[in-house]
There are 2 protein chains.
Amino acid sequence: MAIEDCNCMSLRKAARRISNFYDAMLSPTGLRATQYSILALLNELGIVSINVLAERLDLDRTTTGKNMRPLAFAKLIKIRPSPTDGRSRVVQLTQHGAATLKAARPHWQKAQREFESDNGERLARNLRRTLSTLRVRAEPGKQGEAKTRLQHGGRLPMA
Amino acid sequence: MAIEDCNCMSLRKAARRISNFYDAMLSPTGLRATQYSILALLNELGIVSINVLAERLDLDRTTTGKNMRPLAFAKLIKIRPSPTDGRSRVVQLTQHGAATLKAARPHWQKAQREFESDNGERLARNLRRTLSTLRVRAEPGKQGEAKTRLQHGGRLPMA
DNA sequence: AGTATTTAGGAGCATATACTCCTAATTATT
DNA sequence: AATAATTAGGAGTATATGCTCCTAAATACT
């Protein structure tokens, strides 16, 4: 079995390629594909905690928090401590965020349409369904028996 | 059209999930999924330049260079200036790299087997085929008309 | 009530990814 | 041969991603 048949590699490659395309299509809006999807999700969900958002994004808790940074800095979202739970912080779109999302929507739709007309609407739908129902084992706490991760010290040893 | 139907998001999500799984399966070896695939590819290709490797990985040129760092630091690969072209640098597996790859191979195969028994060998094969033949437009040089990218200044504005 | 456990989420670290800009070396042009 | 254009690839910057460790707050337990 050759590395070309790696399921992980195939998915990563495809994700890179499509991300580049969507990023390029969205670039007139100043948003990345990831940022667009976060804003769109917030628009659907209203006010949510970081954890809930992370769950909906299928994204690590800490990653979700970090992804808030550029959005908050650009004042597209607002983060506040939860009034009901002192541990929690809640996120919501600002007016500016909602307007930016609205303006970006046609660009996203154009990307969707192009992708689907290039690959077939049917194939795209099937692919999305296949991907969302993939069974991937969680493998919790594998770190215990893990070898030390590779470390690097500064820059590439030239020559 | 809701954000749940975003082709880009679907692919990114699936790539994250499967990467976590393969990373966990490979963790006893100290390699990440990406690193494993680079070593495996180098094992197939022998001595190659960064650019050629990048092309085979469907990866940006500069990203490929950066991905060499931890591998080179761990002495799994060796990078030298090309003897025939002074601009170019060539990469190859070290003995240690080849041995590490060999030892990691069963873990990768186990990940492949588990994924394929959980989802069906046929589905996995079809999925890989679909992904590798996806038509994704290159959209070169879109940056010219791009708005300024989001910028952040340090850490999240707390509270 | 007081302590222990769980939960929310940031900080630090490391990798992965791409873009812009830059330098050096090669190749093409005149 | 001298200059121009191309090519190889690193440096810097910024986002995306996940893990470990840490703190504060809420909940469970005795």
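In this text the structure is predicted, and so the values were computed from the model without any measurement. We name chains A, B, ... by the order of the sequence lines, and we start the count at 1 in each one.
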**Q** Answer with yes or no whether the side chains of B:S49 and B:N51 bring together a donor and an acceptor at under 3.5 Å.
**A** no
**Q** Report the distance from atom CG of A:L31 to atom P of D:dT15, rounded to the nearest whole Å.
**A**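 A:L31 atom CG is separated from D:dT15 atom P by 12 Å.
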**Q** Using atom CG of B:L11 as one end and atom P of C:dA16 as the other, report the distance to the nearest whole Å.
**A** 20 Å
**Q** Figure out the CG/P separation between B:N51 and C:dA18, and round it to whole Å.
**A** 14 Å
**Q** Measure the shortest side-chain to side-chain distance between B:L131 and A:L127 over non-hydrogen atoms and say whether it is less than 4.5 angstrom.
**A**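 They are in side-chain contact.
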**Q** Taking side chain to side chain contact (heavy atoms under 4.5 Å, CB included) as the criterion, tell me which of B:D58, B:T62, B:T64 meets it with B:D60.
**A** B:T62
**Q** NA contact type, A:S88, heavy-atom cut-off 4.0 Å: base, sugar-phosphate, or nothing?
**A** sugar-phosphate
**Q** Classify the side chain of A:K66 and the base of C:dG12 as holding, or not holding, a donor-acceptor pair under 3.5 Å.
**A** yes
**Q** Pick one: which of B:I47, B:I50, B:L45 meets side chain to side chain contact (heavy atoms under 4.5 Å, CB included) with B:V91?
**A** B:I50
**Q** For D:dT15, does the base pair up with any side-chain atom of A:R32 as donor and acceptor (N or O, under 3.5 Å, distance only)?
**A** no
**Q** Over all heavy atoms of both residues, which pair between B:A72 and B:I79 is shortest? Give the atoms and the distance, please.
**A** CB-CD1, 4.4 Å
**Q** Answer yes if B:V90 and B:I38 sit in the same cluster of Ile, Leu, Val, Met, Phe, Trp and Tyr residues linked by side chain heavy atoms under 4.5 Å apart, and no otherwise.
**A** no
**Q** Base, sugar-phosphate, or nothing for B:T34, non-hydrogen atoms under 4.0 angstrom?
**A** sugar-phosphate
**Q** Counting only side-chain N and O atoms of B:N20, is one of them less than 4.0 Å from OP1 or OP2 of D:dT17?
**A**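 Looking at the OP1 and OP2 atoms of D:dT17, neither is under 4.0 Å from any side-chain N or O of B:N20.
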**Q** Once you round it to whole Å, what is the distance between P of D:dT15 and CE of A:M68?
**A** 13 Å
**Q** Any idea which of D:dG18, C:dA18, C:dG9 is nearest the B:T62 side chain?
**A** C:dA18
**Q** Return the nearest nucleotide to the side chain of B:I50; candidates are D:dA8, D:dG9, C:dA18.
**A**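 Minimum distance to the B:I50 side chain belongs to D:dG9.
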**Q** Given atom CG of A:D60 and atom P of C:dA11, what is their separation to the nearest angstrom?
**A** 15 Å
**Q** Taking only the side-chain nitrogens and oxygens of B:N67, find out if one of them lies under 4.0 Å from OP1 or OP2 of C:dT15.
**A**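 It does not, given that no N or O in the side chain of B:N67 lies less than 4.0 Å from OP1 or OP2 of C:dT15.
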**Q** C:dA16, C:dT17, C:dA8: which one has an atom nearest the side-chain heavy atoms of A:R16?
**A** C:dT17
**Q** Choosing from C:dA16, C:dC19, D:dG18, which nucleotide comes nearest the side chain of A:R12?
**A**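 So the nucleotide nearest the side chain must be C:dA16.
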**Q** If you measure only the distance, is there a donor-acceptor pair under 3.5 Å linking the side chains of B:R128 and A:N7?
**A**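 Side chains of B:R128 and A:N7: pair found under 3.5 Å.
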**Q** Is the phosphate of C:dA18, meaning OP1 or OP2, less than 4.0 Å from a side-chain N or O of B:T63?
**A**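 True: B:T63 side-chain N/O within range (under 4.0 Å) of C:dA18 OP1/OP2.
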**Q** What's touching nucleotides 2-4 of chain C from the protein side, N or O pairs under 3.5 Å?
**A**
none

**Q** Select base, sugar-phosphate, or nothing to describe what B:S49 touches, counting heavy atoms under 4.0 Å on all strands.
**A**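 Contact class for B:S49: sugar-phosphate only.
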**Q** Give the rounded distance in Å between these two atoms: CG of A:L26 and P of D:dT15.
**A**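 So the two atoms are 16 Å apart, to the nearest Å.
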**Q** Rounding to an integer number of Å, can you tell me how far B:Y22 OH sits from D:dG18 P?
**A** 17 Å
**Q** What is the separation between atom CD1 on B:I38 and atom P on C:dT17, rounded to the nearest whole Å?
**A** 8 Å
**Q** Taking for each residue the nucleotide of DNA chain D with the nearest heavy atom, is it A:D85 or B:T64 whose nucleotide lies nearer the 5' end?
**A** B:T64
**Q** Hey, is the side chain of B:R61 pairing donor to acceptor with the base of D:dG9 inside 3.5 Å?
**A**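 A donor-acceptor contact between them is present.
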**Q** I'd like to know if B:D118 pairs up with A:R137 as an ion pair, taking the criterion as any Lys NZ or Arg NE/NH1/NH2 lying under 4.0 Å from an Asp or Glu carboxylate oxygen.
**A** yes
